[in-house]
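Beneath this line is the structure, given in structure tokens, with notes to follow.
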Amino acid sequence: MQRYTQIQMTIPCQTTKELLSKAYALNHMSVGELARQWQFSMPNDTRSSKGFVGQLLEIALGTDSGNKPQPDFEHLGIELKTIPINPKGQPLESTFICSAPLNPILGQTFEESLLYKKLKKILWIPIITAQKSQPFIERKIGRAILWEPSTEEYTTVKTDWEELIEMISLGQLANITANHGTYLQLRPKAANARVLSKGIGEQGEPILTLPRGFYLRADFTKKILK
DNA sequence: TGCTGATCATGA
DNA sequence: TCATGATCAGCA
């Protein structure tokens with residue numbers, strides 16, 4: 001097992017403007033170049049190093065949240081996401097946003113949810129990926145996009161969230177598939193299929209079930225990046 | 001061949 | 001175990 005990093009520290013950006021100019025400066029740079037600049041050792045394969053590019057960008061842009069459940073740039077209210085896109089600008093994957101509560105807080109509104117806190121402002125860093133098999137080192141960083149949901153996007157995501165949370169609350173977890181939701185999906189988010197966490201069963205009883213996460217569909221992020 | 005369900009790595 | 005960072009891979 002290999003650590004990606006040496007210990008690195010960056011001074012967090014104080015303003016959104018400062019963060020954006022840092023992000024724009026990475027445009028056209030390859031992931032390999034950025035890794036070299038930060039003395040990251042490049043992983044050999046994408047499979048065993050899925051989070052590599054995301055971690056690299058966190059260091060390069062100086063996030064300050066660690067792995068706490070809050071936006072990466074907490075003081076700016078901005079979440080950082082790398083997203084693999086093909087040369088036509090189409091996302092290759094859906095985007096994980098946050099883990100889903102399997103025992104939702106009763107009465108919690110969308111605005112109070114972790115999902116909303118992360119979604120309300122996202123700095124997208126496109127990673128131009130010729131093919132899924134292309135090694136990280138060759139992939140190129142694209143132009144960053146600071147995004148906030150439009151009224152329509154906000155409303156649709158909110159509706160998705162409310163429907164999914166209601167199903168979870170009513171013990172319908174077993175019936176939720178990735179087909180639910182217009183922009184949002186609820187899908188497994190675990191090390192493997194044997195990982196269990198506490199949820200709500202059909203009769204309201206506690207059950208053990210696979211941890212889930214909220215993801216944005218690739219069709220949706222495609223619109224965002226346009 | 002796109003999408004859903006499964007999986008990989010790290011840190012606290 | 002649960003949070004973060006995501007991509008893999010088999011099947012419809």
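Here the structure is a predicted model, which is why all the values come from computation and not from measurement. Protein chains get the first letters and strands the later ones, always in sequence-line order, with residue 1 at the start of each.
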Whole-Å distance between C:dA6 P and A:Ile97 CD1? 9 Å
For the pair A:Glu205 (side chain) and A:Gln203 (backbone), establish whether a donor and an acceptor sit closer than 3.5 Å, ignoring hydrogens and angles. yes
State, to 0.1 Å, how close A:Gln185 and A:Ser94 come at their nearest heavy-atom pair, and which atoms those are. OE1-CB, 4.0 Å
In chain order, what residues pass the side chain to side chain donor-acceptor pair (under 3.5 Å) check against A:Gln90, with sequence neighbours excluded? A:Asn86
Honestly curious: do A:Leu170 and A:Leu173 fall in one hydrophobic cluster under the side-chain, below-4.5 Å linking rule? no
Would a single hydrophobic cluster contain both A:Trp147 and A:Ile85, if residues Ile, Leu, Val, Met, Phe, Trp and Tyr are joined by side-chain heavy-atom contacts under 4.5 Å? yes
salt_bridge(A:Lys158, A:Glu111) N-O dist < 4.0 Å: yes
Report the distance from atom CG of A:Leu61 to atom P of C:dG5, rounded to the nearest whole Å. 13 Å
Tell me whether the side-chain N or O atoms of A:Lys132 pair up with the base of C:dT7 as donor and acceptor below 3.5 Å, since no angle test is needed here. no
Nearest heavy-atom neighbours spanning A:Ser21 and A:Glu18: OG-O, 3.0 Å
List the atom pairs, with distances to 0.1 Å, where a side-chain N or O of residues 217-226 of chain A and a protein N or O form a donor-acceptor pair under 3.5 Å, not counting sequence neighbours.
{"residue": "A:Arg217", "atom": "NE", "partner": "A:Gly181", "partner atom": "O", "Å": "3.1"}
{"residue": "A:Arg217", "atom": "NE", "partner": "A:Thr182", "partner atom": "O", "Å": "3.2"}
{"residue": "A:Arg217", "atom": "NH1", "partner": "A:Ala178", "partner atom": "O", "Å": "3.4"}
{"residue": "A:Arg217", "atom": "NH2", "partner": "A:Ala178", "partner atom": "O", "Å": "2.7"}
{"residue": "A:Arg217", "atom": "NH2", "partner": "A:Asn179", "partner atom": "O", "Å": "3.3"}
{"residue": "A:Arg217", "atom": "NH2", "partner": "A:His180", "partner atom": "O", "Å": "2.9"}
{"residue": "A:Arg217", "atom": "NH2", "partner": "A:Gly181", "partner atom": "O", "Å": "2.9"}
{"residue": "A:Thr221", "atom": "OG1", "partner": "A:Ala218", "partner atom": "O", "Å": "3.1"}
{"residue": "A:Lys223", "atom": "NZ", "partner": "A:Tyr183", "partner atom": "OH", "Å": "2.8"}

Specify the separation, in whole Å, of atom CG of A:Leu57 and atom C1' of C:dA6. 13 Å
Result block: side-chain N/O donor-acceptor pairs under 3.5 angstrom for residues 120-136 of chain A, not counting sequence neighbours:
{"residue": "A:Thr129", "atom": "OG1", "partner": "A:Ile127", "partner atom": "O", "Å": "2.9"}
{"residue": "A:Lys132", "atom": "NZ", "partner": "A:Glu93", "partner atom": "OE2", "Å": "3.1"}
{"residue": "A:Gln134", "atom": "OE1", "partner": "A:Ala130", "partner atom": "N", "Å": "2.8"}

Going by number, which of residues 79-96 of chain A have a non-hydrogen atom under 4.0 Å from DNA chain C? A:Glu79, A:Lys81, A:Thr82, A:Pro84, A:Glu93, A:Ser94, A:Phe96
Over how many whole Å does the gap from A:Arg194 atom CZ to B:dC8 atom C1' extend? 13 Å
Atom pair SG/CD of A:Cys98 and A:Glu79 - distance to nearest 0.5 Å: 8.5 Å
Rounding to the nearest 10°, end axes of the helix from B:dT1-C:dA12 to B:dA12-C:dT1 built from five pairs each make an angle of 30°
Just distance, no hydrogens or angles: give the donor-acceptor pairs under 3.5 Å from side chains in residues 24-33 of chain A, sequence neighbours left out.
{"residue": "A:Asn27", "atom": "OD1", "partner": "A:Arg143", "partner atom": "N", "Å": "3.2"}
{"residue": "A:Ser30", "atom": "OG", "partner": "A:Gly32", "partner atom": "N", "Å": "3.4"}
{"residue": "A:Ser30", "atom": "OG", "partner": "A:Glu33", "partner atom": "N", "Å": "3.0"}
{"residue": "A:Ser30", "atom": "OG", "partner": "A:Glu33", "partner atom": "OE1", "Å": "3.3"}
{"residue": "A:Glu33", "atom": "OE1", "partner": "A:Ser30", "partner atom": "N", "Å": "2.9"}

Is it the case that one hydrophobic cluster holds both A:Phe52 and A:Leu80, taking links as side-chain heavy atoms less than 4.5 Å apart, direct or via other members? yes
For A:Leu210 and for A:Asp219, find the nucleotide of DNA chain B with the closest heavy atom, then tell me which residue's nucleotide is more 5'. A:Asp219
To the nearest Å, how far apart are A:Gln55 CD and C:dT7 P? 12 Å
Are there any protein N/O atoms within less than 3.5 Å of an N/O atom in nucleotides 1-3 of chain C, and if so, which ones and at what distance?
{"residue": "C:dA3", "atom": "OP2", "partner": "A:Ser99", "partner atom": "OG", "Å": "3.2"}
{"residue": "C:dA3", "atom": "O5'", "partner": "A:Ser99", "partner atom": "OG", "Å": "3.3"}
{"residue": "C:dA3", "atom": "N3", "partner": "A:Asn67", "partner atom": "ND2", "Å": "3.4"}

Mind checking the CD1-OG1 spacing from A:Ile78 to A:Thr63? Nearest 0.5 Å is all I need. 12.0 Å
Using atom names, set out every protein N or O paired with an N or O of nucleotides 10-12 of chain C below 3.5 Å, distance rounded to 0.1 Å.
none

Most 5' of A:Ile176 and A:Arg47 on DNA chain B, judged by nearest nucleotide: A:Ile176
Please report the C-alpha distance between A:Ile200 and A:Leu102 in whole Å, then the side-chain angles of each, then the deciding distance to 0.1 Å, and finally whether the side-chain contact (heavy atoms from CB on, under 4.5 Å) criterion is met. CA-CA 7 Å; A:Ile200 302 170; A:Leu102 299 186; over 6 Å; no
Any chain of hydrophobic side-chain contacts (each under 4.5 Å) joining A:Val157 to A:Ile145? yes
With a 4.0 Å heavy-atom cut-off, tell me which residues in residues 25-34 of chain A come close to DNA chain C, sorted by residue number. none
Side-chain contact check for A:Ser48: nearest option of B:dT4, B:dA9, C:dG5 is B:dA9
Once you round it to whole Å, what is the distance between C1' of C:dA6 and CZ of A:Phe136? 8 Å
Residues touching DNA chain C, which here means a heavy atom under 4.0 Å, drawn from residues 179-191 of chain A: A:Arg187, A:Lys189
Quick one: name the residues clustered hydrophobically with A:Tyr215, using the 4.5 Å side-chain heavy-atom rule over I, L, V, M, F, W, Y, and just say none if it's on its own. A:Phe96
Using a side-chain heavy atom cutoff under 4.5 Å and only I, L, V, M, F, W and Y, what cluster partners does A:Leu208 have? A:Leu196
Does the pair A:Thr46 and A:Arg139 meet the rule for a side-chain contact (heavy atoms from CB on, under 4.5 Å), with working shown? CA-CA 12 Å; A:Thr46 51; A:Arg139 301 185 186 184; 3.8 Å; yes
How many Å lie between OH on A:Tyr215 and P on C:dC8, as a whole number? 14 Å
Would you name the heavy atoms of A:Ile97 and A:Lys118 that are closest together and state the gap between them? O-CD, 3.6 Å
Whole-Å distance separating the CH2 atom of A:Trp124 from the P atom of C:dG5: 11 Å
Does a side-chain N or O of A:Thr46 approach OP1 or OP2 of C:dC8 to a distance below 4.0 Å, or not? yes
